[in-house]
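The structure under discussion appears below in the form of C-alpha cells.
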Amino acid sequence: MTVRDVRIYPDPVLKRRAAGVATIDGAARSLATDLVDTMRANERCVGLAANQIGELRRCIVVDVTGHAKARSCAGLIVLFDPVVVRSSGSAVAREGCLSIPEFTANVRRAADVTVRGLTPDGSAREIAADAFEARALLHEIDHLDGILFLDRVTSVATDVFPRKRG
Ligand SMILES: [Zn+2]
C-alpha cells in the first residue's frame, strides 16, 4: 500500500494535460493502486486523478459509496484513458478538491454522463452515472486535461467559498 503526497495548487503539474496510457502494463496498474490507496487514506475523498500525485498519465479513481449526495453508485471505479461518450442535463453543486484545500465552489456540470475507459485488467468498461457520481467523474477527467474546478466557476465573487476548518 502506497499513499502518495497530493499535489497542491498552484503546483504546475495540476495545470498540465496527462498523456494517454493505451497499454495497461505493470506501471499503469501500480499507478492505479497508488491512486486508490491515496484516495482511501483521505477521509471523504471520493475521487483522484493521476496529476494529483504528480503523474501525467490518464488514470482516475472514483468511489462515492455511502455518500449522502450520491444517486447512482458503481462502487470503486478505476479507469485509464476515460472519455465522456454521452452527457446531458445540467446542475450546479458544491465541489471541493484535495489539491485545493482552502476553497469549495459552486460548479455547473452535466447531470447525467456515460464514461468509457479501460480497467486495470485491460478490458473496456462503460459507466452510466448521474448526480454526485457523474460530477465526480467529470471533475476527475477535468484534472487529466489540467482543468481545476475553480476554472469552471462562473463568478469568483459569488460562487467560491473558504473551506470551514473542522
Ligand atoms: Zn480534484
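In listed order, ligands and their atoms are each counted from 1. Everything quoted here is computed from the prediction, not taken from an experiment.
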With a 4.0 Å cut-off on N to O distance, would you call [X] and [Y] a salt bridge?
X	Y	answer
Asp81	Arg58	no
Arg163	Glu102	no
Arg135	Asp130	no

Fill in the blank from the handout: The side-chain contact (heavy atoms from CB on, under 4.5 Å) partners of Ala131 (sequence neighbours excluded) come to Arg71

Exercise for the section: Can you sort out the partners of Arg40 under salt bridge (Lys or Arg N to Asp or Glu O under 4.0 Å), two or more places apart, ordered by chain and number? Expected result: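 Applying salt bridge (Lys or Arg N to Asp or Glu O under 4.0 Å) to Arg40 gives Asp63.
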
Fill in the blank from the handout: At a cut-off of 2.8 Å, protein N/O/S around the Zn ion (ligand 1) gives Cys97 SG, His139 NE2, His143 NE2

Problem - Residues clustering with Ile100 (ILVMFWY side chains joined when closer than 4.5 Å, directly or via others) - result: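 Its cluster mates, by chain and number, are Tyr9, Val13, Leu14, Leu56, Phe103, Val107, Leu148, Phe149, Leu150, Val153, Val156, Val160.
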
